Amino acid sequence: MSVQNYINGQYETPSSNEWLDNFCPATGEVYGKIPNSSKVDVENAYIAAKSAFPSWSQTTLEERSRILIKISELLEANLQRFAEAESKDNGKPVLLAKEVDIPRAASNFRFFGNAITQFASESHESVGHDALNFTLRQPIGVVGCISPWNLPLYLFTWKIAPAIAAGNCVVAKPSEVTPMTAYLLGEICTEAGLPKGVLNIVHGLGTTTGQAIIEHPDIKAISFTGGTATGAHIAKVAAPMFKKLSLELGGKNPNIIFADCDYDTMLKTTVRSSFANQGQICLCGSRIFVERSIYEKFKTDFVQKVKALKVGHPSESSTNIGALVSKPHLEKVLDYIEIAKQENGTILCGGNKVSVKDFENGYYLEPTVIEVITDECRVNQEEIFGPVVTIMPFDTEDDVLQMANKVKYGLSATLWTNDLKRTMRMSNQLQAGIVWVNTWMMRDLRTPFGGVKASGVGREGGFEALRFFTEAKNVCIKY
Ligand code: NDP
């Protein structure tokens, strides 16, 4: 099935008529074609967005809200179709796509459809000066949204929904590795009555199509989720043009387990926070630190549970771990397992490719637990972004805090303890944008989302996203 660009409300082939292969990770086979869009296609998308902007930015909040909520309803009505498409494109279990990814994409539109009607601006009376200040929150114009392959529609819509809710028009590029559900979104937007040109989706490689978006002098803001190296490159390209940037980048998140936690809940959740989506979630807790008094018990119980996870074809309901997203990614993760061995890490379970019957060319890997002897080894410092976690013991709160913070990233951290004072001490000192205590990946869309250090700049979520996608203009009236 061929994917097409969605420009000015129409599906279009790329101007060059050049195409890329789309692979199914579960089988390793090519199952479709993707436009290899050029600068010309990005320019066409920009022109469509620019022409739609005057009208869309003046569309009432009620009308914008109504359309966003309609898109959400149509996604819900097409849940099965979208979930199957997402699973086929990405390799994730279809159940995960059905229960998490697609419902969340629908929630993104519903949430921002509602949030925009509650987005109030500030006013300040300058007492004694007979003056009143108020702040206008104006849409920026044409904005660019670029998203990765791990949660394809979920992260794509997490950017698009607030951008259009705030009155902007969008040129968006999903990952070329997983374009399918973004492609299908076009027809949903048309059916929901989104005016032509408000959302334009251009498919292609990051280095050409993505690059044309970030280099475009009149695309005034870029919301990007992806790797740290790409984020740094975007920041360099954007800086001379003073573009507004939101960068959600990589992570190497600590999962810190104290002996006083609710053990069973912790154990169950830790399996999920390590291996959900084949470990390909920026929020996965890939470095597990366990208080020494329960370390041996945890190690035995955790490895037993991990060994019981079923690696299989994503469409089977019994599958816990589907396929990794691509062959190069599988090879990258396997390389890290070799590095772990060279660094004297012990592979407690996993570490090998899996041959799934009838799908021997799929990109399957056993969930892997590595016991490391130092927190400074490469597998403990570098983002692997696959079904691989490290574990090691710790003795004191200070020790674990130091190890948790001693990485270049700072996206999220998970803490397991029932001690309130320790919770507060640790939450204050962990270098992360998000701290979960006694849970993982519990999301409330009103809360700020993002990281510190090499995990990014800026926050998404709630009014933070609407602030990003608007310019504040203060008006001071002397009366
Ligand atoms: P990449 O950085 O490789 O790609 C992300 C997106 O950027 C893709 O659409 C890619 O296109 C595009 N891109 C690549 N090069 C350029 C360029 N020069 N100009 C503009 N766009 C470009 O990341 P991955 O897709 O590999 O995603 C995995 C990464 O994303 C991990 O590091 C993960 O931690 C991070 N991530 C962060 C999250 C967060 O919220 N902080 C959430 C989810 C993931 P193409 O795919 O076609 O190359």
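Keep in mind that this is a model prediction, so the values were computed, not measured. Whatever order the structure lists ligands and atoms in, that order sets their numbers, starting from 1.
- Closest protein heavy atom to atom 21 (N) of ligand 1: G210 CA, 3.6 Å.
- Checked against a 6.0 Å centroid threshold, the rings of F111 and W158 do not count as neighbours.
- Screening I347, N352, V306 against E366 for a side chain to side chain contact (heavy atoms under 4.5 Å, CB included) leaves a single residue, N352.
- When hydrogens are left out, the protein atom nearest atom 12 (C) of ligand 1 is I146 CG2, 3.7 Å; that is the closest non-hydrogen contact.
- Taking every non-hydrogen atom of I214 and a distance limit under 4.0 Å, the qualifying atoms of ligand 1 come out as 19 (N).
- Applying the salt bridge (Lys or Arg N to Asp or Glu O under 4.0 Å) criterion to E84, with sequence neighbours excluded, gives no partner residue.
- Against a heavy-atom cut-off of under 4.0 Å, N150 is close to the following atoms of ligand 1: 43 (C), 44 (C).
- Of the polar atoms of T228, none of the N or O atoms is found under 3.5 Å from an N or O of ligand 1, judged by distance alone.
- Between K50 and D218 there is no salt bridge, since no side-chain nitrogen of the basic residue lies less than 4.0 Å from a carboxylate oxygen of the acidic one.
- Looking at heavy atoms from C-beta onward, Y336 lies in side-chain contact with R378 at the 4.5 angstrom threshold.
- Distances from ligand 1 to the non-hydrogen atoms of G231 include no value under 4.0 Å.
- For the atom pair CZ (R64) and CD1 (I164), the distance works out to 10.0 Å, reported to the nearest 0.5 Å.
- Residue-level proximity to ligand 1 for S147 is carried by the backbone, the only part with a heavy atom below 4.0 angstrom.
- Within the 4.0 angstrom cut-off, atom 32 (O) of ligand 1 has one or more protein heavy-atom neighbours.
- Under a 4.0 Å criterion applied to the non-hydrogen atoms of L411, ligand 1 contributes the atoms 41 (N).
- Proximity annotation for atom 35 (C) of ligand 1: of G226, G204, G451, G226 comes nearest, heavy atoms only.
- Of the listed options I34, T230, I234, T230 places a heavy atom closest to atom 15 (N) of ligand 1.
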Full working for side chain to side chain donor-acceptor pair (under 3.5 Å) between T181 and E86: CA-CA 6 Å; T181 45; E86 195 77 302; 2.8 Å; yes
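- Looking at A172, G206, S175, S412 and measuring to atom 22 (C) of ligand 1, the nearest heavy atom belongs to G206.
- Scanning K173, E215, E176 for the heavy atom closest to atom 11 (O) of ligand 1 points to K173.
- At the shortest separation from atom 39 (C) of ligand 1 among protein heavy atoms lies C282 SG, 3.3 Å.
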Derivation and outcome, ring-ring contact (aromatic ring centres under 6.0 Å, His included), residues F119 and F463: CA-CA 7 Å; F119 185 44; F463 293 145; 5.6 Å; yes
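- For ligand 1, the polar-atom distance check finds no N/O of V177 at less than 3.5 Å from any of the ligand's N/O atoms.
- At the top of the distance list for atom 27 (O) of ligand 1, counting protein heavy atoms only, stands P148 CB, 3.3 Å.
- Contact check for L184 versus R81: side-chain heavy atoms found under the 4.5 Å cut-off.
- Of the N or O atoms in W149, one or more lie within a sub-3.5 Å distance of an N or O in ligand 1.
- Under 4.0 angstrom from ligand 1, the non-hydrogen atoms of L155 all belong to its side chain.
- N90 places none of its side-chain heavy atoms less than 4.5 Å from the side chain of P25.
- Those atoms of ligand 1 that come under 4.0 Å of a heavy atom in P174, given as number and element, are 9 (O).
- Residue L205 touches ligand 1 through its backbone alone, judged by heavy-atom distances below 4.0 Å.
- Remark: ligand 1 and G227 share an N or O pair separated by less than 3.5 Å (distance only, no angle test).
- No cation-pi contact links K353 to Y364, judged by a cut-off of 6.0 Å to the six-membered ring centre and 45° from its axis.
- The residues K220 and E471 are annotated as not salt-bridged, no charged nitrogen and carboxylate oxygen being separated by less than 4.0 angstrom.
- Within the listing of ligand 1, atoms 17 (C), 18 (N), 19 (N), 20 (C) sit less than 4.0 angstrom from a heavy atom of Q211.
- Remark: ligand 1 atoms within the under-4.0 Å shell around heavy atoms of H233 are 18 (N).
- For ligand 1 and F449, the ligand atoms under 4.0 Å from any heavy atom of the residue are 40 (O).
- Ion pair E460/K159 flagged as a salt bridge, since at least one NZ, NE, NH1 or NH2 atom sits closer than 4.0 Å to an Asp/Glu carboxylate oxygen.
- Contact atoms of ligand 1 toward T225: 5 (C), 36 (N), 37 (C), 38 (C), 39 (C), 40 (O), 42 (C), 43 (C), 44 (C) (distance under 4.0 Å to a heavy atom of the residue).
- The residue from Y409, F385, F224 that puts a heavy atom closest to atom 7 (O) of ligand 1 is F224.
- The residue I281 has no part lying near ligand 1, judged by heavy-atom distances below 4.0 Å.
- The side-chain hydrogen bond (donor to acceptor under 3.5 Å, both in side chains) analysis of residues 92-106, with sequence neighbours excluded, yields the pairs Q80-K98, K92-D101, K92-N277, R104-N108, R104-Y154.
- Between R287 and D375 no salt bridge is recorded (no basic side-chain N to carboxylate O distance below 4.0 Å).
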